[in-house]
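Comments concern the structure below.
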Amino acid sequence: MLFSLALILALSLLPACSRQAGEKVSISSLDDLNGMRIGVITGTTFDMVAMEKFPDSETVYYNNVSDMPLALQTGKVDAIMLDEPVARVLVQKRPELKILPEQINEEDYAFCFTLEHRELCDSLSEQIIALKEEGVIEELDAKWFSPDESQKVMTPVQEGLDKVMKCGISPGMEPFTYISNGEVKGYDVELLQLAAARLGYLVEYIVVDASSFASIMTSCKVDLCVGCVSVTEERKKMMHFTEPDYTGGIVVVVLGNGQLSEEVAGEGEGGDNWFVRSGKSLAASFKRTFIDEDRWKMIFEGLDVTIRITVFSLLLGTLLALFVCAARRSSRPAVSKTAKVYIALIQGMPILVILMILYYVIFASVDINPVVVAIIGFALNFAAYGGEAFRSGINGIPKGQTEAALALGFTKFAAFRKVILPQVLLRIMPVYRGEFISMFKMTSIVGYIAIQDLTKMSDLIRSRTYEAFFPLIATALIYFLTAHLLASALTYIEYRLNPHTRRNATK
């Protein structure tokens with residue numbers, strides 16, 4: 001493990017392989033973008049703008065903003081498209097990047113509501129207009145678009161609000177919507193809270209990627225979504241928009257000097273200086289990732305969610321696996337075939353699709369915790385594989401053992417519990433352990449259904465720091481250590497189930 005981490009660290013400091021270190025990428029204006037690779041966020045209007053303005057370019061899609069600067073610095077893309085305020089914050093944190101002087105177009109940003117909430121949308125629009133006339137929005141603009149972080153403090157939530165408005169946000173849209181010190185904040189967030197409070201609403205936030213806005217709105221999991229949502233005629237057919245709260249536009253961000261950064265390309269005056277700079281850079285990155293804003297707490301909060309999903313999915317999935325096994329072994333053809341179809345369906349679909357069907361379709365109209373949905377989804381998936389493992393284990397036990405137990409006076413249930421089951425568990429434990437660890441690692445996808453697990457917390461940290469090394473390495477290390485501990489626990493159970501090892505231990 002230590003060797004692997006050392007290798008990853010060494011590779012992270014090597015020149016980017018996508019392009020030769022220091023190779024010029026001459027992009028000084030929008031005219032230079034044709035034929036280039038342009039990074040855009042999935043679910044935005046950026047891809048249509050890129051295809052219209054730069055027809056010869058290649059569009060590369062990303063789910064959130066935090067992945068794009070790294071792709072740009074390592075040469076995976078030549079330029080990225082962002083909303084101008086978001087790009088401004090990015091360049092403040094990453095001075096090696098720059099914004100091209102020409103703005104591609106001008107866009108209005110607003111809060112978007114589902115079609116069922118036309119009246120609420122109109123009422124909120126009236127409050128936004130009132131806040132504009134009172135000069136409140138101008139004050140919010142000065143606060144949230146300032147480089148002074150000390151100013152960016154949310155107005156306390158008004159007490160006595162008796163109604164709840166559910167809002168989906170993308171945390172990577174600083175200064176509009178982001179998470180700092182575990183608190184959802186930003187220009188759009190504070191404006192929404194002020195306007196909603198005047199209508200008697202308390203706002204409850206659900207954190208998702210911008211690419212999931214359409215899914216979470218059509219499934220009615222939220223009433224509205226905020227965070228750099230552009231108003232377009234096509235979108236007006238699918239949702240209602242409030243009065244625009246900000247007018248911005250799309251800009252293009254490229255490397256500031258037309259080269260890979262020194263940190264990535266490995267350039268510098270003298271090897272010693274490069275190592276010193278690399279060490280200082282890693283130390284600063286570590287501080288930004290874990291120390292600033294107590295971000296290390298987010299890692300442990302995400303780990304807690306991941307472990308809870310894994311353990312409860314295992315317990316429920318094992319119980320369901322026994323039912324699936326019993327159904328497959330049933331003498332009734334209808335029951336046996338139904339179980340066989342269930343296994344085929346589950347094994348033939350990606351677990352991510354199963355989770356999204358459960359959350360956005362089956363439980364679309366149900367106010368249910370997404371963690372519960374994840375547990376159900378993983379339990380159903382585990383039951384399909386676990387049920388087959390139990391069935392093959394039982395089939396491998398000679399029938400004569402059951403007959404002998406019955407001849408000794410055991411009931412069928414007692415014979416199964418005391419004679420057959422211990423042998424089955426011993427036979428299937430290696431497969432069972434492998435499926436369990438595989439399920440633990442697969443929980444990394446639950447962020448798609450608005451769950452802030454370990455992987456999602458890593459993404460949230462990256463959305464604030466725009467750095468990938470320490471968040472991803474820490475996440476990988478924690479998954480490895482936790483999986484090792486869980487596998488060791490199951491190995492111990494397997495050891496205790498084996499009568500030979502128990503007998504030798506006693507001797």
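All residue numbers in this chain count up from 1 along the given sequence.
The salt bridge (Lys or Arg N to Asp or Glu O under 4.0 Å) analysis of residues 343-364, with sequence neighbours excluded, yields no pairs. Evaluation of the ring pair (Phe, Tyr, Trp, His ring centres under 6.0 Å) test over residues 369-406, restricted to residues two or more places apart or in two chains, returns Phe382-Tyr432.
Taking the ring centroids of Phe241 and Phe113, they lie at or beyond the 6.0 Å cut-off.
Looking only at atom types and distance, the side chain of Tyr479 has a donor-acceptor partner in the side chain of Thr455 under 3.5 Å away.
Scored by the salt bridge (Lys or Arg N to Asp or Glu O under 4.0 Å) test, Lys337 finds no partners at all (sequence neighbours excluded). Scanning for salt bridge (Lys or Arg N to Asp or Glu O under 4.0 Å) contacts around Lys152 gives Glu149, with sequence neighbours left out. Applying the salt bridge (Lys or Arg N to Asp or Glu O under 4.0 Å) rule to Glu388 yields the partners Arg328, Arg391; only residues at least two apart in sequence or on another chain are considered. Annotation: side-chain hydrogen bond (donor to acceptor under 3.5 Å, both in side chains) contacts of Tyr342 (sequence neighbours excluded): none.
Enclosure of atom CZ in Phe323 is not indicated, since only 12 or fewer non-hydrogen atoms of other residues, nucleotides or ligands lie within 6.0 angstrom.
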Would you sort out whether Lys93 and Glu174 count as a salt bridge (Lys or Arg N to Asp or Glu O under 4.0 Å), showing the intermediate values? CA-CA 11 Å; Lys93 294 185 177 183; Glu174 188 179 357; 2.9 Å; yes
Step by step, work out the salt bridge (Lys or Arg N to Asp or Glu O under 4.0 Å) result for Asp67 and Lys76. CA-CA 11 Å; Asp67 295 330; Lys76 302 296 189 299; over 6 Å; no
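Separation of atoms CG (Leu355) and CG (Leu380) is listed at 9.5 Å; rounding is to 0.5 Å.
Using a cut-off of 4.0 Å between Lys/Arg side-chain N and Asp/Glu carboxylate O, Lys456 and Asp209 are scored as salt-bridged.
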